[in-house]
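Have a look at the structure below, then the notes.
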Amino acid sequence: MAALFKARRALSSFFTGCRSLSQLAELPETHQILRQTCRDYADRELSPIAARLDKEHVYPAKQIQELGAMGVMAMEVPEELGGAGMDYLAYSLAMEEISRGCASTGVVVSVNNSLYIGPILKFGTEEQKKQWIQPFTTGEKVGCFALSEPGNGSDAGAASTIAHQEGDEWVLNGTKAWITNSWDASAAIVFATTDKTLKHKGISAFLIPMPHPGLSLGKKEDKLGIRASSTANIILEDCRIPLGYMLGPRGSGFKIAMQTLDSGRIGIAAQALGIAQASLECAADYAHKRTAFGAPIGKLQAIQFKLADMAVAIEGARLLTWKAALLRDSKKAFTKEAAMAKLAASEAATFCSHQAIQVLGGMGYVTDMPAERHYRDARITEIYEGTSEIQRLVIAGQLLKEYQL
Amino acid sequence: KCPRVSPVVTLCYCFVSPQIRVKPDNTGVVTDGVKHSMNPFCEIAVEEAVKLKEKKLIKEVVAVSCGPQQSQETIRTALAMGADRGIHVDVSGKDYENLGPLQVSKILAALAKQEDAQLILLGKQAIDDDCNQTGQMTAALLDWPQGTFASEVSLEGDKINLVREIDGGLEHIKINTPAVITADLRLNTPRYATLPNIMKAKKKKIATVKPADLGVDLTSRLEVLKVEEPPQREAGMKVETVEDLVVKLKEAGRV
C-alpha cells in the first residue's frame with residue numbers, strides 16, 4: 001500500500017510540479033497487473049469476436065458477464081456492494097484495454113460504471129445503493145442513463161419529459177432519445193422536469209426498473225459504429241413509480257447529470273484511446289508487412305510521419321485522461337481536465353482511425369481488416385457524453401473563471 | 001479423508017514474443033526488450049493448485065519463480081489468481097543465461113525440502129526453450145513419483161489419480177504423495193484474475209532467496225556452441241502431374 005501511495009504522490013507532483021517524465025512511465029504495480037489482465041482478456045476474448053458482433057449487431061452478453069465476474073462492471077463500487085473497490089485511474093486503464101478489443105463492449109462497460117452506477121453511488125441512499133447497484137455489479141444486469149430527448153441533446157436544461165406527483169407515485173410522460181444499453185438494460189436513470197418554471201433547476205432524477213409498465217422502447221437505431229451496443233428511444237406514457245425512486249433531492253437532476261457526465265467523460269476518453277490505439281497497432285503492423293517500391297512501406301517517410309502523428313495524439317490524450325482520473329481520485333476539481341481528455345481522446349480516435357485506413361490503402365476500406373470498424377466506432381466518441389463543441393465550452397468556461405474575466 | 005498437502009507451484013518467466021532474433025554472435029537469442037510473461041503451461045499449473053485449494057484438498061499454494069527482479073511479476077500474477085505467498089529465487093546476469101532445467105530442478109528440490117511441500121505443480125514445458133525436463137528432473141532429485149502431461153488430477157486420500165496425455169492416447173495412473181505433477185494444455189482453463197484479487201495480491205508476501213542460500217550450485221553442465229536461425233524458407237516449385245511430383249521428391253531425397 002505504501003508503494004501505491006508513494007507512486008501516486010510522485011505522479012501527482014509530476015503534474016503540479018516539474019519532475020522527470022520517467023516517474024510517469026511506471027504505473028503502480030497493481031494498476032500494471034490490472035492493465036495486463038484486461039489486455040489479455042481483450043486479446044483473447046474480445047478481439048476475435050469484435051468483427052462478428054459488429055456485423056450482426058449482437059450484444060456481448062457472455063463477455064459482459066465474464067467482465068462482471070472480474071469486477072470490471074462495477075470498478076468503483078465498494079466490495080461490500082459487490083464491486084472491485086478500485087480508483088478511476090484503474091477504471092481508465094481497464095476501459096482503454098477493453099475498448100481496444102471491442103469498442104461496443106467498452107461503451108456497455110462505461111455506461112454501466114460511470115453513467116448508471118456512478119450517480120447512484122454518489123447521490124443514492126443506502127437503501128437505493130443496495131437495490132439499484134448490488135444486482136448490477138455482476139454483468140447479469142446493466143443499467144442506462146436517459147438524459148437526451150428528441151428535442152434536446154446538448155441543451156440538457158430544456159428537458160420536456162415531465163414528472164408529476166399523484167398521491168404516493170410519480171407519473172412520468174415523455175420520450176428520451178439515443179439511450180445506450182436501452183434494449184439490454186434492467187434499469188434506467190431518467191431525467192424529467194418536476195417544475196418547468198424553474199427551468200434547469202426544476203429537473204429531477206428518477207430510477208426506473210426495466211421492463212416496467214408505462215415504459216417502452218423505440219426501435220433499435222441502425223448505427224454507423226458501436227453496433228453491438230443497443231441504442232434506442234425510451235418512451236414514457238403514464239409511467240408510475242414509487243416516490244422512493246427519486247434519486248437525490250427534488251430539483252437536483254441537472255446537477256446530478258452534469259456531475260455524472262464529468263466522470264463519464266473520463267470513461268469515454270479511455271474508450272476513444274482504446275480505439276485509437278487499436279488503429280495505430282493495425283497501421284504499424286501493416287507498415288511492417290506491406291511492401292511497395294521494393295521495401296516495407298514503414299520505410300517511407302510519408303507513412304512514418306503518419307504513425308508518429310498518431311502516436312503523439314494518443315499519448316497526449318492518454319496523459320490528459322490519466323491526469324483527469326488522478327485529480328478525481330484525489331477528490332480535486334477535474335471538470336476542465338475531464339473535458340480536455342474527452343476532447344483530445346475523441347479527436348485522436350477519429351484522426352488515428354482515419355490515418356490507419358490511409359496507411360492500409362485499399363485494405364483499410366474492406367471488412368477483412370479492422371481499420372474500417374475502428375473508423376466507424378471512433379466517430380461517435382466526438383458526439384456522445386458531450387459533443388466536442390460542448391467540451392470546448394466547458395473548457396473555456398473553466399479557463400475564463402481561472403483568469404477572472 | 002483428504003490430505004492437507006501444501007503444494008509448491010513453480011512458474012517460468014519466459015519470453016513470449018512472436019518475433020525472435022538470433023544474437024549476432026550466435027550465442028543465443030535476443031532477450032533484451034522482448035516481452036516476458038508467465039509461461040502458459042505454468043498458468044494452468046497455478047489454476048490447478050488454486051482449484052485444489054478451493055476444494056479444500058490442499059492447505060496453501062506457494063508460487064515460485066527463478067530469475068531476475070522482473071520475474072516477480074509472474075509471482076504477483078499467480079498471487080492475484082489465488083496463490084497464498086510467493087518465493088522469488090534471485091538469479092540474474094550470467095547465472096540467469098546459464099539457468100537450465102537441471103539448475104531449476106536443484107533449486108526446486110531444495111525449496112521443497114525447506115518448505116516441506118507435499119506436491120509440486122509445474123507447466124509441462126516452457127514455451128521459450130521447450131525443454132520439458134524440469135518436472136522430471138525435480139522428481140528424480142527428490143526421489144518422488146511424477147505425473148507428467150497431466151490432463152486430469154484428482155486427490156484420493158494420500159494418493160493422486162492422474163490422467164496423462166501420451167502419444168498413444170490417455171494413460172490413467174495412481175501415484176503416492178509427495179509427488180511432482182506437470183500440467184498439460186487440457187488440464188484446465190486458467191481464470192482471469194479478478195480486480196479485488198489483484199488488490200489483495202499486493203498484501204501477500206513474496207520472499208526472496210538466493211540459490212547459494214539453498215546450497216545449490218548453478219554451474220551449467222552444458223555449453224552452447226552455436227545458435228542459428230532455421231534456413232530461410234525457399235520458394236516452392238510447381239509441377240504438372242503427380243508423377244512429376246514423386247520424381248522431384250525422390251530427387252530431393254524426401255522419399
Side-chain angles (χ1 to χ4, degrees), chain A residues 1-7 26-46 63 65-91 93-95 97-98 101 109 113 137-139 285 288-289, chain B residues 11 13-21 33-44 46-47 50-51 54 63 65 69-83 86 88 127 185 188-206 208 233 235:
Chain A
M1 260 349 226
L4 183 66
F5 288 133
K6 203 164 93 169
E26 284 282 295
L27 287 166
E29 199 180 347
T30 344
H31 290 69
Q32 286 185 40
I33 296 184
L34 160 76
R35 193 184 199 187
Q36 190 60 48
T37 305
C38 291
R39 181 171 291 199
D40 287 341
Y41 184 83
D43 284 342
R44 293 177 203 163
E45 312 286 343
L46 295 175
Q63 288 68 30
Q65 290 211 24
E66 287 169 355
L67 288 167
M70 284 163 70
V72 171
M73 293 305 285
M75 287 192 68
E76 212 192 2
V77 175
E79 280 190 66
E80 313 86 69
L81 286 170
M86 297 191 97
D87 58 24
Y88 242 60
L89 178 62
Y91 172 56
L93 294 166
M95 271 301 302
E97 296 304 329
I98 290 174
V109 173
N113 269 285
T137 59
T138 60
D285 185 62
H288 272 304
K289 295 182 174 150
Chain B
L11 315 167
Y13 176 69
C14 56
F15 47 81
V16 290
S17 164
Q19 265 125 9
I20 288 299
R21 296 189 323 274
V34 173
K35 178 163 156 52
H36 283 61
S37 61
M38 197 193 297
N39 184 37
F41 294 111
C42 299
E43 272 182 44
I44 297 175
V46 174
E47 173 66 23
V50 172
K51 274 167 104 158
E54 284 170 348
S65 191
Q69 180 67 15
Q70 304 92 292
S71 55
Q72 286 202 19
E73 254 178 65
T74 50
I75 303 181
R76 284 259 174 251
T77 309
L79 293 174
M81 284 170 74
H88 168 225
I127 65 171
L185 188 63
N188 60 49
T189 309
R191 66 193 63 191
Y192 292 100
T194 67
L195 272 46
N197 281 342
I198 294 176
M199 296 286 282
K200 290 196 185 103
K202 270 207 79 67
K203 300 196 183 112
K204 297 181 183 174
K205 288 196 176 27
I206 300 180
T208 307
R233 197 182 165 160

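Quick caveat: nothing in here was measured; it's all calculated off a predicted structure.
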**Request:** Go through the steps to decide whether A/Glu66 and B/Tyr192 satisfy the test side chain to side chain contact (heavy atoms under 4.5 Å, CB included), and finish with yes or no.
**Result:** CA-CA 9 Å; A/Glu66 287 169 355; B/Tyr192 292 100; 5.7 Å; no
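Tested against B/Met199, the residues A/Thr30, A/Leu34, A/Ile33 include a single side-chain contact (heavy atoms from CB on, under 4.5 Å) partner, A/Thr30.
Most heavy-atom pairs under 4.5 Å with chain B: of the set A/Met70, A/Glu45, A/Met86, this distinction falls to A/Met70. Comparing B/Asn197, B/Thr77, B/Thr194 by heavy-atom pairs within less than 4.5 Å of chain A, the highest count is held by B/Thr194.
Looking at residues two or more places apart in sequence or on another chain, you find a side chain to side chain contact (heavy atoms under 4.5 Å, CB included) between B/Ala201 and B/Leu79, B/Ala80.
Taken to the nearest 0.5 Å, the CD atom of A/Gln32 stands 11.5 Å off from the CZ atom of B/Arg76. Summarising the geometry, atom CG belonging to A/Asp40 is positioned 10.0 Å from atom CE belonging to B/Met38; distances are rounded to the nearest 0.5 Å.
Counting all heavy atoms, side chain and backbone alike, A/Gly83 lies closest to B/Pro196 at O-CG, 4.1 Å. Taking every heavy atom of both residues into account, A/Ala84 and B/Leu195 meet most closely at CB-CB, 3.6 Å.
Listed in order of number, the residues of residues 73-81 of chain A that approach chain B to under 4.5 Å between heavy atoms are A/Met75, A/Glu79.
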